[in-house]
Colleague: 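What follows is a structure written as structure tokens; I'll ask about it next.
Order of the sequence lines fixes the chain letters, A, B, ..., with proteins taken first and strands second; residue numbering starts at 1 for each chain. When reading the values below, keep in mind they use all heavy atoms of this one structure, side chains included, and skip hydrogens, waters and symmetry mates.
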Amino acid sequence: MKPKAWSWLVFLLGFAYFALPLIGTLEFSLRKRRGEYSLDAYVWVFEDTQFRETFGYSVVMALLTIVFGMLLVVPTAYWVRLRYPRLRPVVEFITLLPLVIPPIVIVFGYIRLYNTSSFLPMTGTTFGTNLLLMFGYVTLSLPYMYRAVDTGLRTIDVRTLTEAAQSLGAGWVTIIGRIILPNVLIAVMSGAFVTFAIVIGEFVLAALLNRPAFGPYMQLIGANRAYEPAALAVIAFTITWFCIGLMQVASRMTPQSRAKRS
Amino acid sequence: MTAPPHTPARKPVLPLGWLGLFPFALFALLFLILPTMNIVTGAFQTADGTPTLQNIANLFQPSILSAYWISIRISFATALLGCLIGFGIAAAVTLGNLPGWLRGPVMTFSGVASNFAGVPLSFAFIATLGRVGLVTVLLREWFGLNLYSLGFNLLSFWGLTLVYLFFQIPLMVLIVTPALDGLRREWREASDILGATGGQYWRMVALPILTPTLLGTFALLFANSFGAVATAYALTGSSLSIVPIVLFAQIRGDVLQDPHLGYALAFGMIVVTGIANGLYVWLRAKTERWTV
Amino acid sequence: MSFLQLDQLRKSFGATQVVRNFDLEIEQGEFVSLLGPSGCGKTTVLRMIAGFEAPSHGAIRVGGDEVTHKRPNQRNVGMVFQSYALFPNLTVAQNVAFGLRVKGAGKAQRAARVAEMLSLVGLVDFGNRYPFQLSGGQQQRVALARALAVQPRVLLLDEPLSALDAKIRVSLREEIREIQKRLGITTVFVTHDQEEALSMSDRIVVMNGGVAQQVGTPHEIYSSPANRFVAEFVGRLNVLDAEVTDPATGRVSVGGTEISMGRPLGAGTVPLALRPEAISLGPAPGHDVSFRGTVDEVQFLGSVIRVGTRLGAAQVLLDTFNRTGRKPPRLGEELEFSFSSVGVILLD
């Protein structure tokens with residue numbers, strides 16, 4: 001059948017809306033040198049030590065968030081599927097709460113609850129604050145992580161695999177580490193890439209907990225410089241694109257996830 | 001389809017089964033539920049801990065009310081437009097017979113753009129529609145059209161709406177495309193062969209089936225936009241008084257002196273997003289009698 | 001002039017021709033089955049009648065009106081889908097009333113018609129249920145009621161029984177046939193199940209490779225298949241290679257057993273076919289050919305016992321009724337078998 005005219009119209013309008021800001025940003029980021037296009041803004045950014053420090057900080061944070069999030073989410077999702085299927089809606093509801101409660105409210109709660117005079121004075125030390133920020137990121141990524149892992153678990157028969165492993169004498173650590181995790185690894189990876197994309201550019205938590213992350217750095221540059229912000233936006237967009245692209249590749253690599261999607 | 005429940009021949013030996021959920025429960029309690037509860041209770045307490053409604057009453061001052069009002073309007077507008085336009089694009093890709101290869105890139109791009117909120121997004125729009133942005137300049141040079149003298153301003157209600165749509169529309173596309181795929185071809189054919197027009201099919205069959213998804217996405221987009229700080233902050237600084245920015249400034253100690261007003265502000269945000277989602281749950285229950 | 005005419009229908013998807021020069025005339029009130037393996041084009045023919053596919057060539061006429069290029073919603077044809085395709089958001093009654101509602105029929109008229117249709121399919125008390133609350137068989141009966149409610153000129157059934165359990169399948173096919181006869185509605189039924197086609201149809205069109213291989217009554221299709229494909233697709237078949245011993249009178253020999261085909265044949269070998277039920281244990285009235293063989297297979301199927309032996313190089317299976325007081329044959333037993341040369345099918 002021939003494409004309908006309206007669908008092309010809608011598509012092209014959408015394309016223009018989404019392409020123009022990207023083209024505009026790219027063009028703007030090349031305008032630093034008067035009268036000709038140059039990569040000067042990028043050179044400035046990459047030579048800025050603060051860029052390297054904050055970017056490195058955010059990358060480390062993102063990786064820690066992914067590791068901790070996996071350690072938290074995979075056993076939980078597995079356990080719920082295996083032993084407490086009736087609790088699944090409850091757990092799912094909790095993991096979706098961060099989409100409903102604005103992040104700024106959550107971090108406000110952290111600041112009030114874990115300040116220096118509280119029962120758990122996490123904001124008292126740099127390490128404690130870093131930890132708190134990481135926990136905050138895990139909370140923000142819960143909806144994506146849990147869904148990805150749970151979808152991955154749905155495609156394998158958790159109970160049969162577990163029983164087979166048990167009948168061969170495997171312990172719980174072996175079962176989760178050697179049987180379940182490899183089977184949902186691709187699903188976990190797709191959750192991980194989204195998490196990475198979220199954490200890298202995150203602003204509110206880092207700003208309010210006063211940590212030197214990439215998000216607040218970008219904001220600072222945005223307030224003080226002209227062309228470099230556009231260069232940063234191009235960099236950030238490329239990173240996001242890369243992460244999500246990897247995620248899509250990962251999710252396409254799960255053949256079962258398509259066949260069994262109900 | 002889930003596998004039918006079956007009792008295993010040999011029950012796994014489980015040392016304290018509930019312990020398996022303990023880490024998650026503890027985490028959710030410490031970093032999600034307690035902080036939120038802290039805000040909620042704080043909103044009803046004075047500095048020394050006695051119960052009061054004064055904080056809530058203090059919300060009803062013109063500057064804060066107008067912040068809520070503009071936030072709600074922006075969230076409503078971006079959620080509504082995001083739903084409509086996102087639906088249009090998803091429909092074009094799934095039902096409009098566009099070339100099949102377009103679909104993969106559209107979905108991938110939607111995944112990227114829906115996560116491209118925050119500081120860099122505001123940079124992108126400043127570089128495009130700011131006073132010296134590409135589109136602003138080109139419109140002036142090619143068509144003699146000066147956006148800003150026509151009253152356009154990126155740092156306004158419509159400006160912010162335009163920016164927010166950049167992540168709202170793709171989110172809708174991501175959610176509604178599978179739902180559109182879920183419309184079975186046989187429903188359309190059955191409707192056709194029974195004499196219905198395309199419009200009748202959409203009104204009587206397809207839209208009622210999609211309604212729960214559409215409502216849910218609307219509530220999600222609303223909350224998504226209502227809580228967004230970074231984009232607006234990087235775009236406008238503190239000049240546009242929407243609730244999350246007022247709260248952000250308050251937490252930083254810039255503007256408001258009373259921390260308990262901050263609790264009340266945050267509590268108000270929970271109430272608004274809570275109502276949006278409550279409405280969704282209620283409407284969904286009303287419209288979805290036909291499933292289990 | 002027949003009621004539904006398909007005239008030289010052709011359909012290609014890209015380079016593949018799925019339907020080639022398909023001609024069919026169906027009388028008013030007739031029940032015609034399109035039978036064939038998957039991919040034979042039967043569903044495409046049905047979808048062209050419905051208007052979901054446009055023929056690449058040819059014409060479709062219903063009651064003398066050319067409908068070839070009409071949109072599906074202007075053809076007044078009813079259709080029942082394999083997957084039921086009930087609207088999940090509407091109750092049973094609303095589903096049945098759908099066609100009348102979109103035509104703008106009044107409330108009272110709709111209610112009366114819905115009640116009539118639901119009683120026709122035996123679901124009077126189910127009007128307020130939603131499809132998900134019904135079994136597959138019930139859903140398909142609602143789909144039938146929905147298709148019939150608008151009083152279509154032609155009813156199309158697209159493998160309506162294949163998603164159902166074996167038992168319901170049999171009872172529903174009887175019910176469909178009975179309703180069809182009562183309403184006298186012209187019906188085209190697509191199936192890959194020969195038993196369904198044989199038991200329900202006035203006429204069967206056996207299709208393969210987009211071409212109608214044979215059109216005829218169930219009895220004709222079964223007893224005198226026009227070609228090898230039809231013979232093999234419909235029913236079970238023993239295929240034997242026979243040596244022509246006398247081309248002029250049509251005598252052939254299979255492993256020393258002489259059969260007279262009663263018509264001239266070319267020299268060499270010819271393939272012959274025998275239905276399992278055409279062979280009997282021992283002599284039988286009218287069976288002019290007999291041979292001795294060793295039992296090499298016995299399948300006990302309840303009322304029927306399937307016995308295998310060899311005739312010439314090939315194994316032949318025969319079906320014999322299980323009679324009380326008579327022991328089933330044993331493996332290795334040597335017995336006499338017989339059949340009638342009239343029952344031998346010559347494959348081309």
Colleague: Rounded to the nearest 0.5 Å, what separates atom CZ in A:Phe135 from atom CG in B:Leu32?
Modeller: 13.5 Å

Colleague: Considering only heavy atoms, which portion of B:Leu21 lies under 4.5 Å from any heavy atom of chain A: side chain, backbone, both, or neither?
Modeller: both

Colleague: Please state whether the side chain, the backbone, both or neither of B:Tyr263 comes within less than 4.5 Å of a heavy atom of chain A.
Modeller: both

Colleague: Heavy-atom distance under 4.5 Å to chain A: side chain of B:Val173, backbone, both or neither?
Modeller: neither

Colleague: Side chain, backbone, both or neither: which part of B:Leu165 has a non-hydrogen atom closer than 4.5 Å to chain A?
Modeller: both

Colleague: Given heavy-atom pairs under 4.5 angstrom as the criterion, report whether the side chain, backbone, both or neither of A:Phe68 touches chain B.
Modeller: side chain

Colleague: Pick one of side chain, backbone, both or neither for A:Ile111, based on which atoms fall under 4.5 Å of a heavy atom in chain B.
Modeller: side chain

Colleague: So for A:Ile23, is it side chain, backbone, both, or neither that comes closer than 4.5 Å to the heavy atoms of chain B?
Modeller: both

Colleague: Taking side chain as everything from C-beta outward and backbone as N, CA, C, O, which of these in B:Leu30 sits under 4.5 Å from a heavy atom of chain A? Side chain, backbone, both or neither.
Modeller: both

Colleague: Counting only heavy atoms closer than 4.5 Å, note whether A:Ile235 contacts chain B via side chain, backbone, both or neither.
Modeller: neither

Colleague: Under a 4.5 Å heavy-atom cut-off, does chain A meet the side chain of B:Asn115, its backbone, both or neither?
Modeller: both

Colleague: Under a 4.5 Å heavy-atom cut-off, does chain A meet the side chain of B:Ala25, its backbone, both or neither?
Modeller: neither

Colleague: Ring centres of B:Phe123 and A:Phe28 under 6.0 Å apart?
Modeller: no

Colleague: Below 4.5 Å from any heavy atom of chain A, which atoms of B:Ile126 appear? Answer side chain, backbone, both or neither.
Modeller: neither

Colleague: Do you know which of A:Glu202, A:Gln219, A:Glu27 has the most heavy-atom pairs with chain B at a distance under 4.5 angstrom?
Modeller: A:Gln219

Colleague: In terms of heavy-atom pairs under 4.5 Å with chain A, which of B:Leu121, B:Ile85, B:Ile39 leads?
Modeller: B:Ile39

Colleague: Does any backbone or side-chain atom of A:Pro75 lie under 4.5 Å from a heavy atom of chain B? Answer side chain, backbone, both or neither.
Modeller: neither

Colleague: Contact part of B:Ile89 toward chain A, heavy-atom cut-off under 4.5 Å: side chain, backbone, both or neither?
Modeller: both

Colleague: Could you walk me through whether B:Val119 and A:Phe214 pass the side chain to side chain contact (heavy atoms under 4.5 Å, CB included) check?
Modeller: CA-CA 10 Å; B:Val119 182; A:Phe214 189 50; over 6 Å; no

Colleague: Check whether the ring centres of B:Phe31 and A:Tyr114 lie less than 6.0 Å apart, and answer yes or no.
Modeller: yes

Colleague: Can you confirm whether A:Trp241 sits close enough to B:Phe109 that some side-chain heavy atom of one is under 4.5 Å from a side-chain heavy atom of the other?
Modeller: yes

Colleague: Looking at B:Val135, B:Ile270, B:Leu247, which one has more heavy-atom pairs under 4.5 Å with chain A than the rest?
Modeller: B:Leu247

Colleague: Just by modelled atom types, is the B:Leu162 backbone N or O under 3.5 Å from a matching donor or acceptor in the A:Tyr17 side chain?
Modeller: yes

Colleague: Could you tell me which portion of B:Leu138 (side chain, backbone, both or neither) has an atom closer than 4.5 angstrom to a non-hydrogen atom of chain A?
Modeller: neither

Colleague: For B:Val106, is it the side chain, the backbone, both, or neither that has a heavy atom closer than 4.5 Å to a heavy atom of chain A?
Modeller: side chain

Colleague: For this output row, return yes or no: ring centroids of B:Phe248 and A:Phe203 closer than 6.0 angstrom.
Modeller: yes

